[in-house]
Amino acid sequence: MRILGAVATVLFLLFSISCFNSNKGTNKVGIDQEINGYLTEAMELYTIPGLALAVIEGNNLVYENYFGKASIEDNTLVDNKTIFRVFSTTKLITTTAVFQLIEDGKLKLEDSISKYLEGLPTEWQDVKIKNLLSHSSGLPDFIRYKNTLSDKELMEKLYRDKMQFKTGHQHSYNQTNYWLLAQIIEKITSTPFDDYVRNNQFDGSRNGVLFSSNALEVIPKRATRYVFSRKTQELIKHTSNDGVRGHSGNGLNISLTKFVEWDKKLKTNKLLSENTKSQMWSPFKFANRFAYQKDDFLHGWGLYYVNNLESYGFSGGNVAAYRYFPGSKTTIILLSNGYQTPAFDIIINDIARITIPELRAKKSTLEAEVMKLVMNHQLDEASQSLKVLNEENPNTKFDNLKWNINGFGNSYAWNEEFDKGFEIFKLNAHTYPDWWVSISALAESFDQQKDTLNAIRNYERSVKLNEKNEYDYNEQMIKRAKELKNQ
């Protein structure tokens, strides 16, 4: 079984991307054209049906544009009235609601959740509001259970589950945290969560702002969310339904216009004061931050770096993302409705490099330029570009980029061009030697080539690196290593 990462075919890989050469203009018209070209090519590369993007400098909307289709079946185009699901980017809205209550003196970060929720198990008594926001609660995650359970049935099952770890010890992304925050908001305000958010962040508007975690619900002007089927090699409609309890974690549906308005309110302190925002954007101190290497999470917001420029935000469903760069007061909002290979971080990071003057002046390396080299199998040049990119971005994780490179290697392997796949896996493992996925892919490639010793060595190294046993993959690797040893 190949590590995750689906890309179409090798022919697709060899597609040439002219606009990623980034002939940087010097005026707004030139930059707009550059962004348009970049996004057009990115949508084709990553099979993104529809996309909307805004760049805001201070309170000035300096770029806004709409691309592609809101619905493939209906052939409707994305425009300024199109509503997108933002999935977990919703958590920024929920977090803001929590801090509005904190600012009003109705809630405290240090409050135990048992102050607001009755009948909690003994193990839950030490969980505080700050632990829900930072995903450091250690609570069991309700995502593992069927969404057909009632709230009562689901809570009873969670009460019987063991805690994942000691509260405050580490970061573990968890949907239960934000479901509980919604319940607490409703308990304090005596208002349904959806209504409280609309009234306090969107002036009560239902135009261009609504909550729904049901992909099958028919909503006028909402873009259809698509997922890529490896079986049929095409985009198909997403059909998940997380119900009302998913609203606080993934339920916001919003137009780009309304999101831009929300950004302006946040920046002009109409949602929160500067002091409260500073508190919200302060890093959470995980007790075991060095063991888990998770010191880049704030109170409900992620902390990201692009060429050492700090930004706050969050993404959702691999299709939407919000990023605020406080140093330049620049916001980038990306909304889309599907993909073949996730690329939201690549796009946001590159748009920042194109638009933020400090990064543009440095002629920063674009991640898309690196991907073009990998696609065209110019691996020596790709290796050099990756080296430069990592030197320019010492604090950036490049999750999308790493997965994309791994996916290109898999595409060659699936098309039985094993030598070409092997070269890409070696490139990824050389560039990211501490990432278990790149080492696993390399191990599988050695295994395919009957290089038993190197296969065993890399299988075992991958298991050590995959401390959390992501995707439950370690058992397969351990089993295969034993089989090779016994041959």
Enquirer: Quick check for you: to the nearest 0.5 Å, what is the distance between Ile129 atom CD1 and Phe99 atom CZ?
Expert: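 If we round to the nearest 0.5 Å, Ile129:CD1 and Phe99:CZ are 10.0 Å apart.
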Enquirer: Would you mind reporting whether Lys267 and Ile56 have side-chain heavy atoms less than 4.5 Å apart?
Expert: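 The answer is yes; the side chains approach within 4.5 Å.
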Enquirer: I need the minimum non-hydrogen distance between Gly317 and Arg225, along with the two atoms involved.
Expert: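 Here Gly317 and Arg225 meet closest at O-NH2, 3.4 Å.
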Enquirer: Of Asn250, Asn147, Asp242, which meets side-chain hydrogen bond (donor to acceptor under 3.5 Å, both in side chains) against Ser213?
Expert: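 By the side-chain hydrogen bond (donor to acceptor under 3.5 Å, both in side chains) criterion, Ser213 pairs with just one of Asn250, Asn147, Asp242: Asn250.
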Enquirer: Got a second to check how far Asp195's CG is from Glu186's CD, nearest 0.5 Å?
Expert: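 The CD atom of Glu186 is 9.0 Å from CG of Asp195, to the nearest 0.5 Å.
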Enquirer: For Lys277, is there an ion pair with Glu274 - N to carboxylate O distance below 4.0 angstrom?
Expert: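 A salt bridge is present here (some side-chain N lies under 4.0 Å from a carboxylate O).
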Enquirer: At their closest point, which heavy atom of Ile48 faces which heavy atom of Ser336, and how far apart are they?
Expert: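 Heavy atoms of Ile48 and Ser336 come nearest at CG2-CB, 3.9 Å.
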Enquirer: In plain terms, say whether Lys221 and Asp79 are close enough for a salt bridge, that is, a side-chain N and a carboxylate O under 4.0 Å apart.
Expert: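 Salt bridge between Lys221 and Asp79, a charged N being under 4.0 Å from a carboxylate O: yes.
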Enquirer: Main chain of Asn200, side chain of Gln100: is a donor-acceptor contact present, judged purely on distance under 3.5 Å?
Expert: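 Yes: the side chain of Gln100 pairs with the backbone of Asn200.
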Enquirer: Go through the steps to decide whether Phe228 and Thr341 satisfy the test side-chain contact (heavy atoms from CB on, under 4.5 Å), and finish with yes or no.
Expert: CA-CA 8 Å; Phe228 186 75; Thr341 307; over 6 Å; no
Enquirer: In terms of relative ring orientation, are Trp281 and Tyr324 parallel, tilted or perpendicular, with 30° and 60° separating the classes?
Expert: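 Tilted, since the angle between the ring planes falls between 30° and 60°.
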Enquirer: If you measure from the Lys or Arg side-chain nitrogens to the Asp or Glu carboxylate oxygens, is any gap between Arg353 and Glu392 under 4.0 Å?
Expert: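 No, no charged N to carboxylate O under 4.0 Å.
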Enquirer: First locate atom CG of Leu101, then atom CG of Leu107, and finally report the distance between them rounded to the nearest 0.5 Å.
Expert: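 Here the rounded value is 6.0 Å.
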Enquirer: Report the C-alpha separation of Val29 and Gln33 in whole Å, then their side-chain angles, then the decisive distance to 0.1 Å, and conclude whether the side-chain contact (heavy atoms from CB on, under 4.5 Å) test is met.
Expert: CA-CA 6 Å; Val29 173; Gln33 290 176 344; 3.8 Å; yes
Enquirer: Is it the case that the side chain of Asn177 and the backbone of Asn131 share a donor-acceptor pair, with hydrogens and angles ignored and the cut-off at 3.5 Å?
Expert: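 No, Asn177 side chain to Asn131 backbone: no donor-acceptor pair under 3.5 Å.
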Enquirer: Just do the ring-ring contact (aromatic ring centres under 6.0 Å, His included) check on Tyr178 and His135 with the steps written out, would you?
Expert: CA-CA 9 Å; Tyr178 275 72; His135 297 287; 5.4 Å; yes
Enquirer: Does the Thr90 side chain pair with the main chain of Phe87, one donor and one acceptor, at a distance under 3.5 Å?
Expert: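 Yes, the answer is positive, given that a donor and an acceptor are paired below the 3.5 Å cut-off.
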Enquirer: Verify the distance criterion only: is there a donor paired with an acceptor across the side chains of Ser205 and Asn207 at less than 3.5 Å?
Expert: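 No - no donor-acceptor pair under 3.5 Å links their side chains.
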Enquirer: Would you call Glu367 and Asn404 a side-chain contact if the rule is heavy atoms closer than 4.5 Å?
Expert: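 No, their side chains stay 4.5 Å or more apart.
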Enquirer: Could you tell me whether a side-chain N or O of Glu381 sits under 3.5 Å from a main-chain N or O of Leu373, the two making a donor and an acceptor?
Expert: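 Between the backbone of Leu373 and the side chain of Glu381 there is no qualifying donor-acceptor contact (under 3.5 Å).
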Enquirer: Before accepting this row, confirm whether a basic side-chain N of the pair Glu261/Lys258 lies closer than 4.0 Å to the acidic partner's carboxylate O.
Expert: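 Yes, this pair counts.
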Enquirer: Which value, rounded to the nearest 0.5 Å, describes the distance between Leu252 atom CG and Phe84 atom CZ?
Expert: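 So the gap between those two atoms works out to 13.0 Å.
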Enquirer: Are the side chains of Phe408 and Lys420 in contact, using a 4.5 Å heavy-atom criterion?
Expert: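 Lys420 does not reach Phe408 side chain to side chain.
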Enquirer: Take atom CD of Glu391 as the centre, draw a 6.0 Å sphere, and report whether it contains more than 12 heavy atoms from other residues, nucleotides or ligands.
Expert: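 Yes, because the 6.0 Å sphere around CD of Glu391 holds more than 12 heavy atoms from other groups.
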Enquirer: Hey, do the aromatic rings of Phe193 and His247 have their centres closer than 6.0 Å?
Expert: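 Ring centres of His247 and Phe193 not closer than 6.0 Å.
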Enquirer: Could you measure the distance from the OG1 atom of Thr431 to the CG atom of Leu386? Nearest 0.5 Å is fine.
Expert: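 These two atoms lie 4.5 Å from each other.
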Enquirer: Over 60° means perpendicular and under 30° means parallel, so tell me whether Tyr473 and Trp436 are parallel, tilted or perpendicular.
Expert: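 The arrangement is tilted - the two ring planes meet at 30° to 60°.
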Enquirer: Going from CG on Leu92 to CH2 on Trp301, what distance comes out if it is rounded to the nearest 0.5 angstrom?
Expert: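 It comes to 4.5 Å.
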Enquirer: Counting C-beta onward and ignoring hydrogens, is there a side-chain heavy-atom pair between Thr396 and Leu401 closer than 4.5 Å?
Expert: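 No. Closest side-chain heavy atoms not under 4.5 Å.
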Enquirer: Does any part of the side chain of Phe259, heavy atoms only, come nearer than 4.5 Å to the side chain of Thr89, both counted from C-beta?
Expert: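 Yes; the side chains approach each other to less than 4.5 Å.
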Enquirer: Is it the case that the side chain of Ser311 and the backbone of Tyr304 share a donor-acceptor pair, with hydrogens and angles ignored and the cut-off at 3.5 Å?
Expert: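 Confirmed, Ser311 side chain pairs with Tyr304 backbone.
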Enquirer: Might you work through the side-chain contact (heavy atoms from CB on, under 4.5 Å) test for Lys265 and Gln201, ending with a clear yes or no?
Expert: CA-CA 8 Å; Lys265 289 180 183 179; Gln201 297 185 45; over 6 Å; no
Enquirer: Yes or no on side-chain contact (heavy atoms from CB on, under 4.5 Å) for Glu358 and Leu309, after CA distance, side-chain angles and deciding distance?
Expert: CA-CA 9 Å; Glu358 179 181 341; Leu309 289 190; 3.6 Å; yes
Enquirer: Does Asn376 use its side chain to pair, donor to acceptor, with the backbone of Gln378 at less than 3.5 Å?
Expert: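 No, the answer is negative, given that no donor and acceptor are paired below the 3.5 Å cut-off.
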Enquirer: Locate the shortest heavy-atom distance separating Leu235 from Ile72; write the atom from each residue and the value.
Expert: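 Answer, listing the atom of Leu235 first, then Ile72: CD1-CD1, 4.2 Å.
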Enquirer: Just by modelled atom types, is the Lys91 backbone N or O under 3.5 Å from a matching donor or acceptor in the Thr95 side chain?
Expert: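 At least one qualifying donor-acceptor pair exists.
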Enquirer: Using a 4.5 Å cut-off on heavy atoms from C-beta on, say whether the side chain of Lys69 contacts that of Tyr226.
Expert: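 A side-chain contact is absent here, since even the closest heavy-atom pair is not under 4.5 Å.
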Enquirer: Parallel, tilted or perpendicular, judged at 30° and 60°: which one describes the rings of Phe142 and Trp179?
Expert: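 Answer is perpendicular, since the angle exceeds 60°.
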Enquirer: Evaluate side-chain hydrogen bond (donor to acceptor under 3.5 Å, both in side chains) for Asn349 paired with Arg323, printing each intermediate quantity in order.
Expert: CA-CA 9 Å; Asn349 292 349; Arg323 287 277 195 89; 3.3 Å; yes
Enquirer: State whether the side chain of Asn393 and the backbone N or O of Asn307 hold a donor-acceptor pair below 3.5 Å, judged by distance alone.
Expert: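 Judged by distance alone, yes, a pair lies under 3.5 Å.
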Enquirer: Any side-chain heavy atom of Trp414 within less than 4.5 Å of one from Arg230?
Expert: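 SC-SC contact between Trp414 and Arg230 confirmed.
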Enquirer: Would you indicate whether the side-chain heavy atoms of Ser255 and Asn80 approach each other to under 4.5 Å?
Expert: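 No. Closest side-chain heavy atoms not under 4.5 Å.
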Enquirer: I need the minimum non-hydrogen distance between Ala368 and Asp350, along with the two atoms involved.
Expert: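 Result for this residue pair: N-OD2, 3.0 Å.
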Enquirer: Measure across Val98 and Leu133 and return the closest heavy-atom pair with its distance rounded to 0.1 Å.
Expert: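 Val98 and Leu133 have their closest heavy atoms at CG1-CD1, 4.1 Å.
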Enquirer: Go through the side-chain N and O atoms of Tyr471 and Asn466 and say whether any donor and acceptor fall under 3.5 Å apart.
Expert: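 Result is no, nothing qualifies.
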Enquirer: For the residue pair Tyr432 and Phe398, categorise the inter-ring angle as parallel (less than 30°), tilted (30 to 60°) or perpendicular (more than 60°).
Expert: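 Plane angle between 30° and 60°, so tilted.
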Enquirer: Output yes when a side-chain donor or acceptor of Arg360 lies under 3.5 Å from a complementary backbone atom of Ile354, and no otherwise.
Expert: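 Looks like yes, one N/O pair under 3.5 Å.
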Enquirer: If I compare all heavy atoms of Asn337 with all of Gly50, which pair ends up nearest, and what's the gap?
Expert: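 What the structure gives for the nearest pair is OD1-N, 2.7 Å.
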Enquirer: Is a salt bridge present between Lys402 and Asp399, judged by a nitrogen-to-oxygen distance below 4.0 Å?
Expert: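 Between Asp399 and Lys402 there is a salt bridge, with a charged N closer than 4.0 Å to a carboxylate O.
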Enquirer: For side-chain hydrogen bond (donor to acceptor under 3.5 Å, both in side chains), just list the numbers for Ser212 and Asn214, CA-CA rounded to whole Å, side-chain angles, deciding distance to a tenth of an Å, and then say yes or no.
Expert: CA-CA 5 Å; Ser212 171; Asn214 183 357; 5.7 Å; no
Enquirer: Under 3.5 Å, is there a donor-acceptor pair between the side chain of Thr330 and the main chain of Ser328?
Expert: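 Yes.
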